[in-house]
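Within every chain, numbering begins at 1; the chains are lettered A, B, ... in the order of the sequence lines, protein sequences first and strands thereafter.
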Amino acid sequence: MLKKTVLRKKSDFSLLYNKGKSVNDRYVVLFLKKNGLPYNRIAFLASKKVGNSVVRNRARRLMKESYREIKEHMDIGYDFIFIARKTICNLKCADVQKSMEAAIKRAGAFKRKF
RNA sequence: UGGGUAAGCCAGACAGCUGCGUGUCGCGAAUGCGACAUGAGGAAAGUCCGGGCUCCACAGGGCGAGGGUGCCGGAUAACGUCCGGCGAAGGUAACUUUAGGGAAAGUGCAACAGAAACAUUCCGCCGAAACAGGUUAUGCUGUGGUAAGGUUGAAAUGGUGAGGUAAGAGCUCACCGGCGGCAUGGUAACAUGCCGGCCGUGUAAACCCCACUCGGAGCAAGGCCAAAUAGGGCGCAAAAAGCGGCUGCCCGUCGCUGCCCGGUUGGUAGGCCGCAUGAGCCUGUCGGUAACGGCAGGCCUAGAUAGAUGGUUGUCAAAUACAGAACCCGGCUUAUAGACUUGCCCAUUUU
RNA sequence: UCCAAGGUAGCUCAAUGGUGGAGCACUCGGCUGUUAACCGAUAGGUUGUGGGUUCGAGCCCCACCCUUGGAG
């Protein structure tokens, strides 16, 4: 992942939380917003409610891995924040991937297949 | 064979596909691309101690206050850690546990109950001796002697037995316990023996006394570069005062506060060093009961910065515990599925 | 990452080492035609957990758990 594709500024986060669109799914929560850039910017979060550091790391890794699989099919020009929910622990990667796909589809940022 | 006890060790492995961080090399103008190598723990955790490192003044003077440790000897850079020993407690035993200096230096506390929680006569016991009064007479009254018995309590001023006495009492004796002195053994804590006198309880994880010891803050320390409206320039002053740091006060000392230019009450903050060769790890050998130390040879083994180890498939009976480095080491404490090794003790059976 | 403070009844807080209490709330009774207010009574506690010191710990000491706050 390139460095410019990672969201890191506090202002970006608060802008997304306040102005962005949010979608809930079973295992993840997604915030997104158009950013007007020719690439996507991503952040993966897992709060302390999810568990200890091992569980939080695993949650982030699962989301990263899933994102790598599905990023080919996503629209360009958005900021995304994926937040892990408590239900994510003890899951396989495929389940997380499905959940993320569903969330993105509902948000309307999925490329139409043709 | 069963039960127990002590010590140690491991913390999935292998293969395929596919991803991530770092380093080296090659290509490229460059964000990069490719190849190879390497990439979390026994506790990385809690942050409870001790150090290194950095800055404050190289750890300052005086007064005062505070914290820590606490049987003895050793190990160590140091420690509240570790090793060995002593005493005490527990266990049939192997063995385990142990903050374990001082209570006649002083102060405090010991609720309720009880006569009394410093030494005191409430109920008792005695009438031998001494004094006063009284009775026909008699401990009858005051005084006196006594701490053996009673009640209470966690605890009642050494315990048990015998002698002794008016009644009693370490008053005397024997044994036990405690204290002091001496001798022997031991580096020492202490142990054993002899002698002496007869000795007021508990609490110091209450204040305290004694001995030893402790400066403060912390890698977001601290330094460099770039950028900046967050600061910069350097002409004058360098004495006083104020504020802040050095844990309280005084001294001392360090930093900031002045004028000029520019700017304003907002949330910006990038890169590099520190930062991975260290009280380092492994093997052998020597010294030591051991902790540990000496010598020789070999090895280089994470370094991220929104934070790198993941996903998936197959085989092994099963792969699942606790859990993720953030400046680094030595410990302690706590969490932990399962697998394995060795010594010792007890019980049973067989020879 | 580092440093502090705290944990007591359903809630907010007290309590010299010596029987754990107050206010509000709950329940019951009274007052009232009824409700509120008011009056009276009852109940409710492993003092965060586990060890230790002590005759005796909410309090003293040690370890752990949880919560809150601060530095930046």
Side-chain angles (χ1 to χ4, degrees):
Chain A
M1 214 185 310
L2 300 180
K3 269 190 180 171
K4 62 182 181 180
T5 67
V6 177
L7 271 176
R8 53 180 68 183
K9 294 198 177 181
K10 196 174 180 182
S11 56
D12 293 337
F13 276 92
S14 42
L15 205 70
L16 263 169
Y17 286 135
N18 293 327
K19 302 264 176 78
K21 188 175 175 187
S22 80
V23 177
N24 282 328
D25 201 79
R26 199 161 159 202
Y27 305 126
V28 295
V29 178
L30 170 65
F31 284 84
L32 82 165
K33 186 178 176 300
K34 285 201 177 177
N35 61 0
L37 295 171
Y39 49 87
N40 286 339
R41 292 191 299 178
I42 307 283
F44 301 100
L45 300 184
S47 80
K48 264 195 175 170
K49 278 186 210 164
V50 174
N52 58 24
S53 55
V54 173
V55 176
R56 294 201 302 273
N57 264 334
R58 181 172 164 79
R60 281 212 304 275
R61 283 169 188 158
L62 285 173
M63 290 193 289
K64 270 188 197 173
E65 181 67 21
S66 307
Y67 173 73
R68 202 171 59 80
E69 295 285 327
I70 62 179
K71 70 178 173 189
E72 306 294 323
H73 311 295
M74 286 166 66
D75 264 351
I76 302 292
Y78 285 92
D79 285 343
F80 294 97
I81 301 179
F82 291 96
I83 301 173
R85 304 183 70 180
K86 223 176 181 176
T87 47
I88 206 170
C89 44
N90 300 326
L91 284 184
K92 289 267 182 177
C93 186
D95 299 326
V96 178
Q97 193 178 326
K98 269 184 213 159
S99 173
M100 282 171 66
E101 270 181 30
I104 294 165
K105 269 181 197 164
R106 252 187 292 157
F110 215 70
K111 261 185 200 166
R112 281 181 220 92
K113 288 184 182 171
F114 41 82

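- In a base pair of the Watson-Crick type (N1 to N3 plus N6-O4 or O6-N4) or a G-U wobble (N1-O2 and O6-N3), with each distance short of 3.5 Å, A15(B) is matched with U313(B).
- Look at the C1' atom in both C286(B) and U1(B): the space between them is 44 Å, to the nearest Å.
- By the 4.5 Å heavy-atom criterion applied to side chains, Arg58(A) and Val54(A) are not counted as neighbours.
- Shown here are the side chain to side chain contact (heavy atoms under 4.5 Å, CB included) partners of Val29(A), two or more places apart in sequence or in another chain: Asn24(A), Phe31(A), Ile83(A), Arg85(A).
- In this structure, the side chain to side chain donor-acceptor pair (under 3.5 Å) partners of Asn57(A), at least two apart in sequence or on a different chain, are Arg60(A).
- Between the C1' atoms of A279(B) and G70(B), the separation comes to 28 Å (whole Å).
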Side-chain donor-acceptor pairs under 3.5 Å in residues 97-105 of chain A, sequence neighbours left out?
residue, atom, partner, partner atom, Å
Ser99(A), OG, Asp25(A), OD2, 2.7

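- A distance of about 33 Å separates the C1' atoms of G287(B) and C340(B), rounded to the whole Å.
- Remark: A75(B) base-pairs with U81(B). Criterion, Watson-Crick or G-U wobble with two distances under 3.5 Å.
- Using bins of under 30°, 30° to 60° and over 60° for the plane-to-plane angle, the ring pair Phe44(A)/Tyr67(A) lands in the perpendicular bin.
- Note that the CG atom of Leu32(A) and the CE atom of Met74(A) stand 8.5 Å from one another [nearest 0.5 Å].
- Applying the salt bridge (charged side-chain N to carboxylate O under 4.0 Å, His left out) criterion to Glu65(A), with sequence neighbours excluded, gives Arg68(A).
- Both Ala94(A) and Arg60(A) lie close to RNA chain B; mapped to their nearest nucleotides by heavy-atom distance, the more 5′-ward contact belongs to Arg60(A).
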Protein-nucleotides 318-324 of chain B N/O pairs closer than 3.5 Å?
residue, atom, partner, partner atom, Å
G324(B), OP2, Ser53(A), OG, 2.8
G324(B), O5', Ser53(A), OG, 3.0
G324(B), N7, Asn57(A), ND2, 3.4
G324(B), O6, Arg61(A), NH1, 2.8

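- Remark: P of A308(B) and CE of Met63(A) are 12 Å apart, rounded to the nearest angstrom.
- As rounded to whole Å, 12 Å separates atom P of A308(B) from atom CZ of Arg56(A).
- When both distances must be under 3.5 Å, the Watson-Crick or G-U wobble mate of G218(B) is C53(B).
- Nucleotide U151(B) is matched to nothing when pairs are restricted to Watson-Crick or G-U wobble geometry with both distances under 3.5 angstrom.
- A residue-by-residue look at Arg68(A) and Lys92(A) shows that Arg68(A) has its nearest nucleotide of RNA chain B further toward the 5' end.
- One P atom belongs to G181(B), the other to C346(B), and the distance between them is 44 Å to the nearest Å.
- For RNA chain C, runs of at least 3 consecutive pairs of the Watson-Crick or G-U wobble type, with both hydrogen-bonding distances under 3.5 angstrom, map to C:1-7 with C:65-71, C:10-13 with C:21-24, C:27-30 with C:38-41, C:48-52 with C:60-64.
- Across all strands shown, the partner of G293(B) is C286(B), judged by Watson-Crick or G-U wobble contacts whose two distances both fall under 3.5 Å.
- Side-chain to base pairing of Glu65(A) with G19(B): no donor and acceptor N or O lie closer than 3.5 Å to each other.
- Ring geometry for Tyr78(A) against Phe80(A) counts as tilted: the plane angle lies between 30° and 60°, on a 0 to 90° scale.
- Across the P atoms, G51(C) and A335(B) are found 14 Å apart, a figure rounded to whole Å.
- Partner assigned to C299(B) is G280(B), using Watson-Crick or G-U wobble distances below 3.5 angstrom.
- Across every strand in view, G202(B) sits in a pair with C109(B) that passes the Watson-Crick or G-U test at under 3.5 angstrom.
- Comparing the P positions of C123(B) and U141(B) gives an interatomic distance of 13 Å, to the nearest angstrom.
- A110(B) and G153(B) are spaced 11 Å apart, taking the C1' atom of each and rounding to whole Å.
- Look at A37(B): its Watson-Crick or wobble partner, with both distances under 3.5 angstrom, is U22(B).
- The CG atom of Leu62(A) lies 10.5 Å from the NZ atom of Lys92(A); values are rounded to the nearest 0.5 Å.
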